[in-house]
Every structure is written in C-alpha cells, then in structure tokens.
4 protein chains.
Amino acid sequence: MIVNMATNATEEQIDHVVVRIKECGCQAHLSRGEERTVIGVVGRSEQHQSELEALLAAPGVDEIIRITHPFKLASRNFRPEGSIVELGKGVSIGGAEVIVAAGPCAVESAEQIGEIAGRVARAGAKLLRGGAFKPRSSPYSFQGLGEQGLKLLREAADKNGLLVVSEVMDPSQIEMMLSYVDVMQVGARNMQNYHLLRALGESSKPVLLKRGMSATIEELLLSAEYIMSGGNYNVMLCERGIRTFDTYMRNTMDIAAIPVIKHLSHLPVVADPSHGTGRRDKVPPMARAAVAAGADGLLIEVHQDPEHALSDGAQSMYPEHFAQLMDEMRVIAPAVERRIARP
Amino acid sequence: MIVNMATNATEEQIDHVVVRIKECGCQAHLSRGEERTVIGVVGRSEQHQSELEALLAAPGVDEIIRITHPFKLASRNFRPEGSIVELGKGVSIGGAEVIVAAGPCAVESAEQIGEIAGRVARAGAKLLRGGAFKPRSSPYSFQGLGEQGLKLLREAADKNGLLVVSEVMDPSQIEMMLSYVDVMQVGARNMQNYHLLRALGESSKPVLLKRGMSATIEELLLSAEYIMSGGNYNVMLCERGIRTFDTYMRNTMDIAAIPVIKHLSHLPVVADPSHGTGRRDKVPPMARAAVAAGADGLLIEVHQDPEHALSDGAQSMYPEHFAQLMDEMRVIAPAVERRIARP
Amino acid sequence: MIVNMATNATEEQIDHVVVRIKECGCQAHLSRGEERTVIGVVGRSEQHQSELEALLAAPGVDEIIRITHPFKLASRNFRPEGSIVELGKGVSIGGAEVIVAAGPCAVESAEQIGEIAGRVARAGAKLLRGGAFKPRSSPYSFQGLGEQGLKLLREAADKNGLLVVSEVMDPSQIEMMLSYVDVMQVGARNMQNYHLLRALGESSKPVLLKRGMSATIEELLLSAEYIMSGGNYNVMLCERGIRTFDTYMRNTMDIAAIPVIKHLSHLPVVADPSHGTGRRDKVPPMARAAVAAGADGLLIEVHQDPEHALSDGAQSMYPEHFAQLMDEMRVIAPAVERRIARP
Amino acid sequence: MIVNMATNATEEQIDHVVVRIKECGCQAHLSRGEERTVIGVVGRSEQHQSELEALLAAPGVDEIIRITHPFKLASRNFRPEGSIVELGKGVSIGGAEVIVAAGPCAVESAEQIGEIAGRVARAGAKLLRGGAFKPRSSPYSFQGLGEQGLKLLREAADKNGLLVVSEVMDPSQIEMMLSYVDVMQVGARNMQNYHLLRALGESSKPVLLKRGMSATIEELLLSAEYIMSGGNYNVMLCERGIRTFDTYMRNTMDIAAIPVIKHLSHLPVVADPSHGTGRRDKVPPMARAAVAAGADGLLIEVHQDPEHALSDGAQSMYPEHFAQLMDEMRVIAPAVERRIARP
C-alpha cells in the first residue's frame with residue numbers, strides 16, 4: 001500500500017500517518033520528492049487492513065493506492081501454468097480445446113429440451129445449458145420449472161452424450177441440484193451473494209461464475225476467491241456483457257476481459273455472447289470474436305422455435321445457424337492454437 | 001408495446017408480426033408512415049409477454065419499445081398521495097419530517113455502539129444503523145459479529161430511544177433478526193437476490209432496499225415489487241451511488257434519482273451519502289444536496305474513532321461533525337417544505 | 001510515479017526498469033516487499049515523461065501509478081485561498097454570493113430575448129445566457145442566428161443591467177465575439193478542442209469551461225490548464241451532467257463533482273441543472289442540490305414559451321417558476337455560508 | 001415519433017398534445033389502451049422538430065420516443081449494398097480485403113518513420129499512420145512536429161508504396177494537409193467539432209472519423225452525416241474504445257459496435273485496438289477479435305523502439321510482433337469471407 005500525502009501536508013500529518021502504520025504492525029518507507037511525500041507501507045496485516053484504509057481520510061492524505069491484489073488462490077501466480085477443470089465424461093476446459101455449452105434459456109418441456117439437445121450435440125456442443133430456476137427482474141415473469149426442469153435436462157443430456165450446466169440461485173437448492181447437474185452456474189445478479197458462494201465452496205462440483213453487470217475484473221476474481229477459499233478450486237469465470245451508456249445492445253460485451261482475466265488468473269474463461277448482446281444476429285460475430293481473443297469456452301442460447309420461447313427468444317439462435325457458427329469458429333481457433341472438436 | 005419495423009421491411013414481414021401479435025391475444029394497430037410502418041400492440045398478455053419480446057429478432061423488425069412500466073404496486077399510480085411508512089415508536093418516514101439514521105458501519109463492541117448511539121441520538125437521529133453481517137468483497141475481511149452484534153445494537157438503541165436498522169444477507173437470517181431490528185436493510189449487492197426479496201415480502205417488517213451499483217431506477221422498483229407482491233408494502237428505497245467512469249469518489253451519487261423515484265413511485269426515498277462518496281469530507285455536501293433534492297431520509301455512517309474502525313473508516317464522520325451537519329440540514333429542509341426534528 | 005513490478009518479475013526486469021528511470025534523468029527508490037518490488041520514481045522530467053509511461057508495457061511491470069497531478073496553474077495549491085473572477089459591472093464569482101446566469105438555449109428574436117432578459121433580471125439573475133452559435137448533433141437542426149443573435153443578446157442584457165454569456169465554437173469566432181459577450185462559454189463537446197482553448201488563453205476575457213460528457217475531473221482541470229497556460233486565469237468550470245447507464249434523464253448530474261473540484265482547484269464552479277437533467281421539472285431539485293453542495297454559480301435555461309422554443313424546450317423553465325426557484329435557493333444558501341442577491 | 005401519455009393524463013392534456021402536433025404540421029394517431037393513451041406522430045417536420053421534442057415536458061406526457069433515425073446519408077438504406085471507399089493507389093476499403101494501417105503514434109524523425117514504414121509495409125500494411133499534430137490532454141506534452149512531420153510521413157510512405165493517414169485537428173490545417181495525406185483522420189475528441197466536420201465535407205479527401213469516448217453509435221453516424229451533407233461521401237468510421245467503469249484497460253473496446261454499425265450504416269468500419277486497450281500485449285487479441293467480428297480495416301500503432309517513443313509507447317507493438325499478428329489475422333479472415341493481402 002502507498003499513502004500519497006497532499007503537497008501541503010504538514011510534518012505532523014506525515015508523522016501521524018507513520019505512527020498509525022507502525023501501530024498496524026507494518027513499516028513505513030518515506031520518499032520525499034520535490035512536490036510531495038509518498039509513504040510506502042511494507043508488510044501486510046490482514047487484521048489491520050481496514051485501519052490502514054481509513055487513512056484515506058486522515059488529514060494531509062491525498063490518496064491511498066493498493067499495490068497487491070487482494071485475491072490469492074484465484075491469482076495466476078497460484079498456478080502459473082493455468083488450470084484445467086475436469087467437467088466429467090472426459091470433458092475438460094482450459095486446455096487446447098474450446099468447449100461449447102448450448103441450449104435454451106429455460107427448460108420448457110421434454111420435447112423442447114430433447115430436440116434442442118440433439119441438435120446442439122450434433123453440431124459439436126459438449127454441454128447442454130438450460131435454466132430450471134430463472135432469476136427474472138419482474139416477479140410476474142415465468143420463473144422456471146424447478147426440479148422437474150432439471151430432470152428433463154438431465155435426461156435430454158444423457159440421451160445425447162452431453163454434460164449439464166444450470167443455474168443455482170440460493171444455498172437451499174444446492175443439495176438437490178448436485179444429482180442433476182455437472183456444472184453449477186452462478187448468475188450475474190448473484191456474483192456477490194456471498195452465502196451462495198461460500199456454500200458452493202463446500203462441494204467439489206465445478207462452478208461457472210458469471211461476472212456481474214458492473215463488476216470489475218478484480219471483484220469477479222474476489223468472488224471466485226470466496227468459492228476457492230472453501231476448498232473448491234473447480235471454478236470457471238464467464239464474461240457476459242457489462243452495462244455502459246451504450247443502449248443499442250442489451251449489454252456491452254467486454255471482449256478484452258478475456259485476455260485480461262487469462263493474464264491475472266489461472267482459471268478458465270467462458271464467453272456468453274447471447275446475454276452479451278441480446279440479439280440473435282449479433283451472437284455469431286461476438287462468439288467468433290471471443291474465440292479469436294482466447295476464450296476457453298462459450299455459452300450460447302439455442303432454441304428450435306425462438307418466437308415461442310418462454311424467455312430470451314430474441315437472443316436465441318436457430319439450431320442450423322448455431323451449427324454454421326460452430327464451423328466458423330473451427331476456422332478461427334487455429335489462429336490462437338486452439339481447436340473445436342467435431343461431433 | 002410498439003414494434004418499429006425497419007424501413008425496408010416487406011409486407012410479409014409486417015404480416016408475420018401482426019399474426020404473432022394476434023396469436024398472443026393482443027390487437028395490432030398499424031401506422032404506416034412515409035419511411036416506415038409502426039405497429040402498436042394493444043392489450044396485455046402476461047402469459048405471452050416473452051413471445052412478444054422475442055419479436056425483436058424477427059425479420060424486418062428494427063426495435064421494440066415498451067410503453068408501460070412493468071411495476072404496479074410500486075408505481076406512483078397505486079398510491080398517488082405517497083406512502084408514509086411507520087417504523088415504530090411513533091417514527092414514520094415519507095411525511096414532513098426528514099428522518100435520519102446514523103451509526104457505525106459495523107457493530108464492534110458494546111462500548112463502541114453505546115457511545116455512538118448516545119452521540120447520534122443527541123444530534124437528532126431517529127434510527128441507529130450498524131451491521132452485524134457484513135457483505136465484504138474479500139473473504140478475508142472482517143465479516144461482522146453476527147447475532148451478538150444485533151443484541152448490542154438493540155441495547156444501545158433502546159437506551160437512547162432509537163430504532164434499529166441492520167442488513168440482512170440471506171433468507172436464513174430473517175427469523176432471528178425480526179426480534180432485534182425495526183428495519184431490515186437489503187444491501188446493494190443483494191438488490192436482485194430474489195429469494196431474499198420474496199422472503200422479506202412474507203413479513204410486515206419495514207424494508208430499506210438499496211439500489212444496486214448499476215441498477216436502473218426501473219430495476220430498483222421491480223425489486224421493490226418482489227417484496228410488495230408478497231404483501232409487505234412497508235418498503236423504502238435507498239440511493240447510495242452508482243458506478244461510472246468517475247473514480248475520484250467510491251461511487252457517483254445520483255442525486256437526481258431522488259426526485260425521479262418520487263415521481264415514478266409512492267415509496268419513501270432515503271439517501272446514503274457515506275457509501276455514495278466513500279470520503280468523510282464529501283458526506284456533508286452530499287447529505288445537504290439530498291435534502292435539497294427532496295429525500296425523505298438519510299443514512300449516515302458515524303464512528304467515534306474512525307481511524308480504528310473495523311470497516312469503512314474513511315467514510316465515517318466524527319460525531320461532532322455529524323451534529324453540525326444536522327444543523328446545516330435543518331436550515332435547508334424548509335426550502336422544500338420539510339423539517340428535521342431537534343433532539 | 002510508482003512502478004509496481006509483477007510478483008514474478010525477475011532481477012533483470014527490475015534492473016531494466018531502474019536503468020530506464022535513470023536514463024530519463026530521475027532517481028529510482030526500490031522497496032522490496034514480501035510479495036513484490038515497488039519502484040518509486042523521484043524527480044520529474046517533462047521531457048522524458050512519455051518514456052517513463054511506456055514502462056507500463058515493459059516485461060515484469062504490472063502497473064504504473066501516477067502520484068502527482070498533471071495540472072499546476074489550475075491546482076488549489078496555486079492559489080490556496082481560491083479565485084474570485086471579475087465578470088464586469090461589479091459582478092464577481094467565487095466569493096460569498098452565488099451568481100446565477102439564466103436565459104434561453106438560443107436567441108430567437110429581439111422580442112423573445114428582450115422579454116426573458118427582463119424576467120430573469122427581476123428574479124435576481126446577474127447574467128443573461130443565450131446561444132448564437134449552436135452545436136447540434138444533427139446537421140439538419142437549427143444552428144443559431146450567428147452575430148445577429150449576439151447583438152440582440154447584448155442589447156437585451158444592457159437594457160436590464162445583465163452581463164452576457166454565450167458559447168464560442170471555433171477560434172475564428174473569438175475576435176468578433178469579444179465585443180458582445182462578457183463570458184465566453186466552451187461547450188462540453190469542445191472541452192478538448194485544444195486549438196480553441198489555446199486561442200481563448202490569449203485574451204483575458206472570462207471563460208466558462210463545461211465538463212465533457214465523459215470527462216474525468218482531472219481532464220477538465222487539464223483543459224483549464226490549456227487556457228491558463230496562455231495567461232488567461234479567468235476561468236470558471238461547469239458541471240453539466242455526465243453520461244452513465246442511467247437513461248431516464250438526459251444526463252446524470254455529478255453533484256459530488258462540485259466539492260471535489262473545489263478541493264482540487266481554486267477555480268469557481270458553476271452547475272448547469274438544465275443540461276444536467278433535460279427535464280424542466282427536475283431542474284429545481286438539482287439547482288437546489290448544487291447550491292447545498294457548494295456551487296459558486298448556476299446556469300439555468302429559461303424561456304417564456306418553451307413549447308415554441310427552437311431548441312431545448314423540454315428543459316427550459318417558465319419565468320415564474322424560475323423566480324420561485326431563486327427564492328428556494330435563497331433559503332438554502334446560508335446553510336453553506338453563501339447568499340443569493342435579491343434584485 | 002410517439003408520445004406516451006401518463007396513465008393519469010387528463011383529456012385536456014391529451015387534447016393539448018394533439019393540437020400541438022397538428023400546429024407542427026403533422027398528424028396525430030391516438031391509440032387508447034387500458035392503461036394509457038399513446039399518440040403516434042405521422043409526418044415529419046424538420047422545421048418544427050424541436051417544438052415536438054419540447055412536448056416531453058408538457059403536462060401529462062410520460063415519454064417521447066423517436067422512431068426514425070436522424071441520419072440519412074449515413075444510413076444503410078441510402079446504399080444497401082455497402083460503400084467501398086477508394087483511398088488511392090488502387091487500395092479501397094469496404095470490400096473483401098481487410099485493410100491495415102500501421103505506424104507510430106507520432107512522427108519523430110526521418111529515421112524513425114522510415115524504418116517503421118519499411119517494416120509495416122513488408123508485413124502487409126497498406127497505409128502508414130503517424131501524427132504530426134497531436135491532441136494531448138496536457139498542454140505540457142509533446143505536441144507533434146507539424147508540417148515537417150507530414151513531409152517525413154509522405155516520403156516514408158512513398159518509398160514503401162504506402163498511403164498516408166494522419167490526424168487533422170482544426171479547419172485551419174486542412175488546406176495544407178491535403179497535399180500530404182491520403183486519409184484525414186478526425187480524433188475521438190473532435191468527433192463533435194462541427195466546424196471541422198463541415199470543413200472536411202467540402203473536399204473529397206477520404207475521412208477516418210473516430211468515435212468519441214462516450215459517443216453513442218447514433219451520434220457517430222450523425223457526425224458522419226455532417227461530413228456527408230457537405231458532399232464528401234468518402235467516410236470511414238472507427239471504433240477505438242469507450243469509457244466505462246472498467247479501469248484495467250485504457251478503454252473498453254466495444255467490439256459489438258462493428259457489426260452494429262455495419263447493420264445501421266453502409267460506411268466501412270475500422271478498429272483501433274491500440275487506443276482500444278492501451279497495452280501492447282492486449283492489442284493482438286483485440287485485433288483478431290475485430291477481424292472475427294467483421295471489421296473492414298484496422299489501425300495499429302507500431303514502433304521499432306517503443307520504450308523511447310515520444311508518445312503512446314506502452315501501446316505500440318514491436319514490428320516483429322506486428323508481422324506475426326498479421327499472419328494470425330490471415331487465418332481468421334476466411335471465417336468471415338474476407339482476406340488480408342500478403343505483401
């Protein structure tokens with residue numbers, strides 16, 4: 001940590017900061033420039049961290065600058081070679097193969113999920129996505145089929161050799177979901193639901209953690225740290241669009257977050273161009289861009305009849321266009337020394 | 001809802017949209033301009049809402065524009081005269097008096113909370129704030145004293161004739177908290193934790209719902225709707241700063257949200273200039289601004305020794321400065337036909 | 001400047017950075033912590049500044065942190081007591097009196113500007129605002145009356161004892177405008193039009209510099225520095241709303257920028273709640289909030305017939321409501337030890 | 001345009017709006033729903049546009065929704081087949097070939113620009129970029145070599161069979177620059193410098209118009225409209241990153257803007273991953289992503305000695321890495337039915 005004193009800070013103000021740093025069990029390195037004094041805090045003190053941060057408002061202090069990242073287990077240093085997360089049935093993410101999860105926003109019926117599962121499997125997807133519990137901004141919208149939806153999802157996946165990824169919304173659902181899904185998805189709205197994150201840290205089931213709508217990359221990695229500090233290192237991170245002033249799209253997809261996260265962390269990164277754009281015809285360019293930028297996986301909404309979908313119809317691709325997109329991505333992957341398996 | 005067709009939309013494309021609107025149980029009003037055709041959807045269909053929205057991606061459609069607000073119980077129309085929420089001990093919010101809640105970020109000890117309670121009560125605060133469960137972005141930070149913190153908070157409040165407001169983080173904590181607090185606070189990170197919102201809708205305990213860091217006002221009102229649709233109409237909304245490109249402050253306090261929410265909704269609006277700024281010396285100007293803009297209440301962090309606070313020290317005011325701020329606000333309130341009680 | 005090395009930086013990488021710092025004429029202070037090495041750069045070198053910044057991308061470098069503000073003349077240190085800018089006719093801004101400029105978005109006719117001038121003068125305004133050259137986002141919109149507009153503005157102001165503020169868009173207009181206006185306004189879109197800023201630095205005419213839609217406060221102060229480095233210290237800064245994800249209002253008015261700028265700079269700060277909100281009924285709450293937060297002046301759009309205004313009708317106040325707002329602000333000003341003159 | 005009346009709007013309020021619409025020379029189509037009345041405005045009236053917009057603040061009006069895009073010449077409808085802009089020497093942009101412009105941020109010397117020109121030409125670039133007039137946020141930074149820089153740029157380009165693109169900052173520079181450059185670049189800070197845009201519309205020299213830091217896509221297209229309405233249709237648009245809360249990168253590159261602009265407009269789209277990221281190692285992933293998303297061209301900063309560059313060193317690529325990036329992009333282009341020429 002560095003304490004940047006104001007240019008007109010007095011000696012007493014500087015002394016006060018130095019005393020407080022020492023009381024917090026750290027050393028103070030003074031560097032007196034022509035314009036101002038800068039105080040380096042050497043040593044760490046979890047216990048006194050918040051007292052050190054409170055110095056921001058001490059008289060004569062201009063700024064406090066954090067130097068170390070607050071995440072550890074999620075940091076690239078922890079596993080410089082990168083993590084490969086095993087998802088089951090021989091599928092893993094983080095290696096040379098780019099893994100694709102596809103399926104409807106929500107499970108609606110056995111017929112619906114059955115047909116979609118077959119179509120995405122034949123196009124090369126390895127996981128079937130589908131919501132059984134839907135976080136909807138309005139209490140009056142369709143909220144999902146619940147456990148029955150998970151059963152249908154599991155059956156459709158098994159019939160087509162796919163794994164299952166589905167969203168968990170509350171700690172109370174975890175136990176029941178463990179028997180149906182291969183990957184537990186945490187939605188953007190729950191990225192900082194710490195009770196949920198801690199509870200997921202207690203199992204070893206892989207977790208796909210979505211970035212909150214206005215979360216910084218550091219906050220995303222700190223949320224991963226919550227899960228990992230419980231012992232569950234099987235975490236994937238997902239970029240799904242952030243909120244900006246730009247309103248043409250549902251969100252602004254932060255493609256640069258993909259290489260940035262790969263640089264700061266060892267965890268695999270997945271891109272969700274469906275929520276990232278909100279419009280079917282913009283999903284392919286952003287899916288291709290994500291592969292070109294180095295994503296380890298993709299999460300794509302596909303529906304055989306989007307105009308009758310119970311949610312997210314506008315951003316769901318038709319199965320035939322999804323198959324074509326898979327082919328386009330197969331051309332791109334070798335440019336980044338990756339590949340996408342053929343079915 | 002209005003469907004704005006592209007300028008080059010074909011007759012088939014227009015027909016398709018009209019057919020779909022009728023299949024969804026609504027009427028289609030065509031308005032053919034020189035440049036383009038605009039289709040008004042008359043009638044509402046909760047059941048087919050998502051199918052109508054999926055038309056965004058239908059061929060020939062440029063845009064879909066929602067005309068009605070999706071919140072009802074939270075809407076100003078529902079109670080044009082405005083809501084006054086009774087908090088207990090004769091204190092209510094939403095009327096002529098601006099209500100102030102003050103106290104530390106977190107309860108740390110009996111001595112700490114006892115002293116602060118006395119100081120803020122003598123300055124004119126009506127509620128004592130203090131966290132017992134702290135949502136911290138790092139799993140390694142101080143997480144609060146739990147139920148013991150609530151006991152200390154209650155005792156300190158009772159001794160000084162104050163009410164208690166404290167944050168609830170998970171549905172599993174509600175039952176226990178009901179006996180200690182007068183107002184349940186939902187933090188910004190949990191604004192869209194729908195399980196928590198629904199659970200709070202089942203009691204009649206007043207709820208202070210904070211706006212998420214990047215939530216639109218409509219999303220905030222929809223979250224209030226989740227609570228109200230369960231039968232609990234005792235909801236207050238809280239502006240606490242949004243996330244923008246501006247980094248000098250912890251957040252950008254959206255003061256205009258205060259009159260906007262008052263216009264759209266009947267619910268009382270509270271401002272939190274402590275989180276809204278993150279710096280002690282910027283709390284008074286923003287607290288004064290909030291009163292001048294029409295806030296019904298304020299939530300302010302006060303600590304008798306901010307440099308040793310276990311959290312949020314930099315944004316906590318000293319008790320004597322808080323008392324001075326109360327006096328400044330007493331000067332401003334009459335400009336908006338309000339008042340702030342003297343102790 | 002501080003160079004934050006990566007945790008896995010090698011000794012060669014550290015040495016390289018140290019060598020480069022010395023080559024740039026500065027000293028390098030190493031601070032080796034447990035986790036990483038931090039290098040303080042002591043001394044300044046305008047000449048080599050960009051070379052130092054290029055170290056951001058040197059191998060083993062994690063981050064570069066600037067410690068000093070790049071503005072000097074605009075800095076509070078330059079004049080710790082604050083600047084009072086003389087505008088003419090005995091009116092100055094930056095002292096105990098809050099100065100109000102009011103008038104239409106654009107000058108439309110002698111009758112229009114004449115009537116408005118009389119109304120705002122009688123309510124207590126000290127300056128008449130009105131555009132003669134209008135920056136419009138569409139080339140097909142009304143672009144202003146040009147020099148003829150300035151003449152009408154001057155006449156109307158003189159008749160009512162008011163000063164004149166009007167926008168300059170290009171260096172080629174300055175010479176001509178000098179004889180008509182008392183304050184040259186630089187619009188938000190031109191905040192970084194450096195040719196214009198330099199040209200304004202060559203006269204001594206007061207300049208009202210508006211903050212760009214997404215400009216940081218530091219960028220605003222650097223733009224003021226462009227004007228001041230030419231010798232013209234008569235600069236006022238104007239907060240007029242920034243662009244965020246929030247779309248209900250035209251802009252998000254950053255009220256906190258007022259005390260922040262007052263802290264960082266000695267220059268007077270003006271608030272423009274008309275552009276800051278875009279809606280007539282939201283102007284009064286934001287004008288009151290600006291006074292409560294410490295603004296030195298206000299810029300408010302007033303039109304006697306907003307529904308027939310040639311621009312910005314929706315955000316223009318009726319004269320009678322403007323007079324009422326002036327009274328409300330007169331109640332608030334004493335809370336911050338200011339006053340607003342009666343006509 | 002659509003006027004969305006409030007749910008509690010009175011008949012008089014509705015009548016008033018209808019009368020005003022007719023006075024503005026348009027027709028009013030009323031659609032009375034259960035909840036509210038919606039009024040469609042049919043017909044267009046440039047002349048009365050601002051009066052129609054002022055209805056936003058009329059009593060009983062909730063919202064005004066614009067239905068038509070305000071740009072015409074820049075719209076895709078104007079040239080559904082897309083524009084191919086001829087740049088000279090047989091090079092054109094907008095067709096099957098993705099065109100790359102590369103070079104230093106600023107021209108520094110004959111040696112510097114000469115060497116870089118050779119290296120980027122041999123890697124396959126078609127244009128040489130380099131600034132002679134630099135818009136710098138600080139008045140104390142290097143401001144460019146001026147006309148001498150343009151001479152050096154021209155010579156280096158001619159020696160290597162390249163075209164020249166360089167930034168123009170003020171109308172007064174245009175005449176002189178015409179003889180040196182093939183493409184006039186308008187920087188992000190000048191996107192709404194309307195005097196400059198109009199002046200560029202009077203020549204036929206191709207213009208590369210950069211998107212402002214917080215400009216919407218519509219505003220970018222309206223700025224293009226300023227140039228085109230003067231008769232110069234040779235306009236290219238450039239995405240170079242927008243400003244968001246995300247601070248790890250210099251900007252957030254809005255890759256989705258590429259397909260969105262291609263959809264709304266016929267003009268070619270160029271991506272600038274150097275300014276879009278600000279860090280050398282993040283330029284390749286974003287350049288590849290831009291090609292995968294359908295960009296027509298790229299603008300990339302290359303310097304043979306970035307650590308001694310006079311500006312933007314941290315984001316400038318080494319020539320050898322640039323050559324490697326060109327090869328990676330050659331793999332990707334066929335996935336979108338494009339190609340990148342070999343030198």
Side-chain angles (χ1 to χ4, degrees), chain C residues 20 46 49-51 53-58 64 70-72 135-143 169-172 189-198 201 212-216 218-219 222-223 225-226 228-230 242-243 278-281 306-316, chain D residues 20 46 49-51 53-58 64 70-72 135-143 169-172 189-198 201 212-216 218-219 222-223 225-226 228-230 242-243 278-281 306-316:
Chain C
R20 291 293 301 128
E46 295 298 352
Q49 191 56 31
S50 67
E51 291 177 57
E53 284 168 11
L55 288 174
L56 170 62
I64 282 203
F71 47 89
K72 298 168 191 176
R136 304 299 297 273
S137 48
S138 165
Y140 309 116
S141 300
F142 172 61
Q143 312 270 329
M169 284 179 67
D170 195 71
S172 61
R189 293 176 181 83
N190 273 322
M191 192 199 87
Q192 294 188 313
N193 181 337
Y194 301 123
H195 277 250
L196 180 58
L197 300 179
R198 282 195 192 281
M213 208 137 46
S214 69
T216 61
E218 182 176 300
E219 287 168 342
L222 276 169
S223 286
E225 191 87 10
Y226 261 92
M228 298 175 83
S229 65
I242 56 172
R243 186 161 273 183
R279 289 185 179 225
R280 186 182 306 147
D281 64 330
E307 293 208 344
H308 291 88
L310 294 185
S311 54
D312 280 358
Q315 71 194 33
S316 297
Chain D
R20 290 293 300 127
E46 294 299 351
Q49 190 57 30
S50 66
E51 291 177 55
E53 283 167 13
L55 288 174
L56 169 62
I64 283 204
F71 46 88
K72 298 167 189 176
R136 304 300 296 275
S137 47
S138 164
Y140 310 116
S141 300
F142 173 61
Q143 312 269 329
M169 284 179 66
D170 194 72
S172 62
R189 293 176 181 82
N190 274 321
M191 192 199 87
Q192 294 188 314
N193 180 337
Y194 302 124
H195 277 250
L196 180 59
L197 300 179
R198 282 194 192 283
M213 208 138 45
S214 69
T216 61
E218 182 176 300
E219 287 168 342
L222 275 169
S223 286
E225 191 88 9
Y226 261 91
M228 298 175 82
S229 66
I242 57 172
R243 188 161 270 183
R279 291 185 178 225
R280 187 182 305 146
D281 64 330
E307 293 209 343
H308 291 88
L310 295 184
S311 55
D312 279 358
Q315 71 194 34
S316 296

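Quick note: numbers below take in every heavy atom, side chains included, and nothing from hydrogens, waters or symmetry partners. Everything numeric in this text was worked out from a predicted model, so none of it was measured. Letters go in sequence order (proteins before strands), and every chain restarts at 1.
- Interatomic distance, D/Asn193 CG to D/Asp170 CG, rounded to the nearest 0.5 Å: 7.0 Å.
- Interface residue D/Glu219: only side-chain heavy atoms are found under 4.5 Å from chain C.
- Proximity to chain C involves both the backbone and the side chain of D/Ala58, based on heavy atoms less than 4.5 angstrom apart.
- Between the side chain of C/Ser141 and the backbone N or O of C/Ser137, no donor-acceptor pair lies under 3.5 Å.
- In this structure, C/Ser316 contributes its side chain and C/Pro306 its backbone to no donor-acceptor pair below 3.5 Å.
- Proximity of a side-chain donor or acceptor of C/Glu225 to a complementary backbone N or O of C/Lys72 within less than 3.5 Å is detected.
- Comparing C/Gln315, C/Met169, C/Met191 by how many heavy-atom pairs each has under 4.5 Å with chain D, the most go to C/Met169.
- For D/Gln143, the part lying under 4.5 angstrom from a heavy atom of chain C is the side chain only.
- Contact annotation for C/Pro135: both backbone and side-chain heavy atoms come within less than 4.5 Å of a heavy atom of chain D.
- Contact of D/Leu55 with chain C is made through the side chain alone, with heavy-atom distances under 4.5 Å.
- The most heavy-atom pairs under 4.5 Å with chain D, out of C/Ala57, C/Ala54, C/Pro139, come from C/Pro139.
- Per-residue heavy-atom pair counts under 4.5 Å with chain C were compared for D/Glu218, D/Arg243, D/Arg280, and the maximum is reached by D/Arg243.
- In terms of heavy-atom pairs under 4.5 angstrom with chain C, the leader among D/Ser229, D/Ser214, D/Pro171 is D/Ser214.
- A donor-acceptor pair is defined here as one N or O able to donate and one able to accept, closer than 3.5 Å; no such pair exists between the side chain of C/Ser311 and the backbone of D/Ser50.
- Note that CZ of C/Arg189 and CG of D/Asn190 are 13.5 Å apart. Values are rounded to the nearest 0.5 Å.
- Atom CD in D/Glu307 sits 10.5 Å away from atom CG in C/Leu56 (nearest 0.5 Å).
- Atom CD of D/Gln49 sits about 8.5 Å away from atom OG of C/Ser138, to the nearest 0.5 Å.
- Counting heavy-atom pairs under 4.5 Å between each of C/Gln192, C/Arg198, C/Met213 and chain D puts C/Gln192 at the top.
- Ranked by heavy-atom pairs shorter than 4.5 Å toward chain D, the options C/Phe71, C/Phe142, C/Tyr226, C/Tyr140 are led by C/Tyr226.
- Ranked by non-hydrogen atom pairs under 4.5 Å with chain C, the options D/Ala314, D/Gly313, D/Gly230 are led by D/Ala314.
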